[in-house]
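Numbers here are sequence positions counted from 1.
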Amino acid sequence: MVCTVTPATLHFNETVSTLEFASRAKSIVQHAYVNEVKESKVPVKQYEMVKEKLNKLEDTVEVKDARINELLQMVVKMENQQEVNPDEKSEALQRMADEMLAEKESRIKRIESASSEMELKNQELIAYLK
């Protein structure tokens with residue numbers, strides 16, 4: 001800061017006032033910081049919702065995997081029993097294979113759907129953040 005004063009006695013009061021102001025201004029400490037814009041949380045919340053859906057879907061898949069394992073155990077148990085009719089065994093194996101195939105196809109569709117939805121939300125989020 002630059003203060004200009006005059007040696008003229010006519011402006012003595014102004015000179016004293018200017019010097020007092022300069023003395024007070026010297027003690028001012030300024031802290032600079034960058035203003036940050038807070039972004040909307042809406043896209044992040046949507047992303048979290050899709051992520052939560054995907055996690056629930058994975059949990060459902062784990063439950064179905066447990067059912068398939070249960071069916072496999074039944075088949076093994078049936079194999080250990082000698083009284084099982086070969087037709088019954090064949091029918092149980094076919095039923096198990098059909099269930100596994102249907103579940104696999106269903107799983108693939110749900111995962112592809114959730115994945116494409118998540119990809120779309122990611123693209124929206126990226127576009128929003130740009």
Side-chain angles (χ1 to χ4, degrees):
M1 172 185 258
V2 176
C3 293
T4 53
V5 293
T6 179
T9 57
L10 179 66
H11 302 290
F12 178 76
N13 288 338
E14 286 182 28
T15 300
V16 170
S17 175
T18 301
L19 291 172
E20 287 173 351
F21 171 75
S23 176
R24 286 192 312 269
K26 247 182 10 179
S27 65
I28 295 174
V29 178
Q30 185 176 359
H31 301 284
Y33 62 94
V34 176
N35 289 336
E36 293 183 18
V37 177
K38 302 244 182 207
E39 296 177 10
S40 173
K41 300 279 183 186
V42 174
V44 175
K45 286 181 182 178
Q46 289 174 347
Y47 176 77
E48 290 298 325
M49 287 173 44
V50 171
K51 190 174 178 181
E52 186 176 320
K53 271 187 189 177
L54 189 60
N55 288 338
K56 285 181 182 178
L57 185 61
E58 288 174 351
D59 292 342
T60 304
V61 168
E62 289 175 6
V63 169
K64 297 296 180 178
D65 283 343
R67 174 72 177 131
I68 291 170
N69 286 336
E70 182 181 318
L71 288 171
L72 285 172
Q73 288 175 357
M74 285 174 50
V75 169
V76 169
K77 192 176 193 180
M78 289 170 61
E79 285 177 349
N80 291 337
Q81 296 174 351
Q82 296 299 327
E83 357 174 304
V84 176
N85 185 348
D87 292 334
E88 289 177 7
K89 182 177 174 183
S90 171
E91 184 180 310
L93 286 171
Q94 184 62 40
R95 196 175 48 225
M96 185 180 73
D98 291 343
E99 282 184 21
M100 289 174 66
L101 182 61
E103 182 57 36
K104 182 179 178 182
E105 289 171 354
S106 172
R107 222 186 286 175
I108 288 171
K109 286 179 184 176
R110 284 183 287 173
I111 289 174
E112 285 175 348
S113 172
S115 177
S116 64
E117 186 177 337
M118 187 174 267
E119 182 63 32
L120 180 63
K121 293 295 180 183
N122 279 343
Q123 289 173 356
E124 288 175 4
L125 182 62
I126 290 169
Y128 180 79
L129 293 176
K130 285 186 179 180

Query raised in the report: Is there a path of hydrophobic side-chain contacts, each under 4.5 Å between heavy atoms of I, L, V, M, F, W or Y residues, that connects M118 with I111?
Result: yes
Report task. Look up atom CD in Q123 and atom CD in E119, then write down how far apart they are to the nearest 0.5 Å. Result -> 5.0 Å
Return yes if some donor-acceptor pair links the side-chain N/O of [X] with the main-chain N/O of [Y] below 3.5 Å, else return no.
| X | Y | answer |
| --- | --- | --- |
| T15 | H11 | yes |
| T18 | E14 | yes |
| S116 | E112 | yes |

Requested in this report: Please step through side chain to side chain contact (heavy atoms under 4.5 Å, CB included) for the pair I108 and K104, ending with a clear verdict.
Outcome: CA-CA 6 Å; I108 288 171; K104 182 179 178 182; 4.1 Å; yes
Report summary line: Tested for side-chain contact (heavy atoms from CB on, under 4.5 Å) against E103, the lone hit among R107, E105, E99 is R107
